[in-house]
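Scroll down for the structure; my scribbles are underneath it.
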Protein chains: 2
Amino acid sequence: MDRTMIEDMMFPDCPIRNILARLCDKWSLLVIYTLNKAGKEVMRFKELQREIPDISQKMLTVTLRTLEEDGYITRTVYPEVPPRVEYALTPRTHSLLPHINALISWALENKDAIIEDRKRVKK
Amino acid sequence: MDRTMIEDMMFPDCPIRNILARLCDKWSLLVIYTLNKAGKEVMRFKELQREIPDISQKMLTVTLRTLEEDGYITRTVYPEVPPRVEYALTPRTHSLLPHINALISWALENKDAIIEDRKRVKK
DNA sequence: CCGAATCCTGTCTGATACTG
DNA sequence: CAGTATCAGACAGGATTCGG
């Protein structure tokens with residue numbers, strides 16, 4: 001957390017802001033979380049869709065492509081009939097997961113107080 | 001990270017997903033980060049706007065109000081002329097900051113590789 | 001089975017003007 | 001100084017249809 005980064009963060013095109021923005025969309029973190037919690041090495045498209053009931057087919061596709069672009073997951077196509085496509089987390093993502101899980105744990109610990117605050121302020 | 005939470009996360013109305021979604025919008029994390037890095041106890045509206053050059057007045061207002069609703073910041077109005085309003089982080093946010101900073105550090109360490117991956121995949 | 005492509009809609013966001 | 005109000009454009013996300 002040096003001075004250089006602190007300066008960088010304040011500019012619109014800051015790569016750190018860009019990376020966090022792409023991770024923090026509606027589905028990316030949840031897909032990563034789901035790929036990890038399943039405890040399997042790989043997951044297929046349909047499995048992911050079953051695990052995340054409210055994601056549309058389009059958004060799952062788009063999210064997986066974006067995650068692949070940034071190197072968070074690998075996408076392996078097996079030329080079979082019917083087709084089989086398997087998704088797996090990369091080492092990069094495994095190094096990120098502790099931080100995501102820390103955030104989730106924090107949210108779990110604080111959710112009651114936060115929800116309480118919302119009600120109080122709105123009143 | 002118990003079983004209950006894992007089940008919860010998969011439902012649309014999961015409070016954890018809700019909390020993370022509100023934190024992960026375009027400006028919230030950056031505003032929190034800015035309030036913290038300044039090293040002051042409080043900051044005024046104009047100071048924040050100066051520190052984040054590309055945020056509009058409206059979005060800064062909206063973001064600050066949302067952060068206040070969820071108890072991440074306090075908003076203190078001094079009935080003077082001209083008016084003075086000071087924003088400060090709450091203890092809740094100070095307990096969250098290590099996780100945010102961990103994410104930022106991770107992004108800093110991995111940004112070059114991620115940007116490289118994007119170019120490679122797009123080709 | 002795993003998508004691509006299209007269309008469409010509501011929300012988010014920014015620019016601008018105005019106020020106590 | 002610190003907002004509010006209004007409006008318009010951009011954009012994310014969903015529904016649907018089609019294809020290998």
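Labels below follow one simple rule: chain letters A, B, ... track the order of the sequence lines, proteins then strands, and each chain is numbered from 1.
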query: Taking for each residue the nucleotide of DNA chain C bearing the nearest heavy atom, is the 5' side occupied by Val62(A) or by Pro82(A)?
result: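 Result of the comparison: Pro82(A).
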- prompt: Which sits closer to the 5' end of DNA chain D, Asp54(A) or Pro83(A), going by the nucleotide each is nearest to?
  reply: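 The 5'-side residue here is Asp54(A).
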Partners passing side chain to side chain contact (heavy atoms under 4.5 Å, CB included) against [X] (at least two apart in sequence or in another chain):
X	value
Leu97(B)	Ile32(B), Asn36(B), Leu89(B), His94(B), Asn101(B)
Ala88(B)	Val42(B), Thr74(B)
Glu80(A)	Tyr78(A), Arg84(A)
Lys26(B)	none

task: Look at Arg75(A) and dC2(C) and indicate whether a side-chain polar atom (N or O) is within less than 4.0 Å of OP1 or OP2.
output: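 Looking at the OP1 and OP2 atoms of dC2(C), neither is under 4.0 Å from any side-chain N or O of Arg75(A).
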- prompt: Among residues 41-50 of chain A, which contact DNA chain C at a heavy-atom distance under 4.0 Å?
  reply: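 Close to the strand are Arg44(A), Phe45(A), Lys46(A).
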- request: Give me the first and last nucleotide of DNA chain D, going 5' to 3', that has any atom under 4.0 Å from a heavy atom of chain A.
  value: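 Range of nucleotides within reach of chain A: dG13(D) to dG20(D).
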[X]: which residues meet the side chain to side chain donor-acceptor pair (under 3.5 Å) condition with it, sequence neighbours left out?
X	result
Thr93(B)	Thr90(B)
Arg65(A)	none
Ser95(B)	Trp106(A)
Ser28(A)	Asp25(A)

Any side-chain heavy-atom pair of Tyr87(B) and Val31(B) under 4.5 Å: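 No, every pair of side-chain atoms sits at 4.5 Å or beyond.
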- prompt: What does Tyr78(A) touch in the nucleic acid at a heavy-atom separation under 4.0 angstrom: a base, only the sugar-phosphate, or nothing?
  reply: nothing
Can you give me the N/O atom pairs linking the protein to nucleotides 5-13 of chain C at distances under 3.5 Å, or say none if there are none?
unit_1, atom_1, unit_2, atom_2, d
dT13(C), O4, Lys58(B), NZ, 3.4

task: Rounded to the nearest angstrom, tell me the gap between atom CD in Glu86(A) and atom P in dG3(C).
output: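 Distance check: Glu86(A) CD to dG3(C) P gives 11 Å.
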query: Where do Asp54(B) and Trp27(B) land on the side chain to side chain contact (heavy atoms under 4.5 Å, CB included) test, with the steps shown first?
result: CA-CA 10 Å; Asp54(B) 57 328; Trp27(B) 301 109; 3.6 Å; yes
Any residue meeting salt bridge (charged side-chain N to carboxylate O under 4.0 Å, His left out) with Glu47(B), in chain and number order, not counting sequence neighbours: Lys40(B)
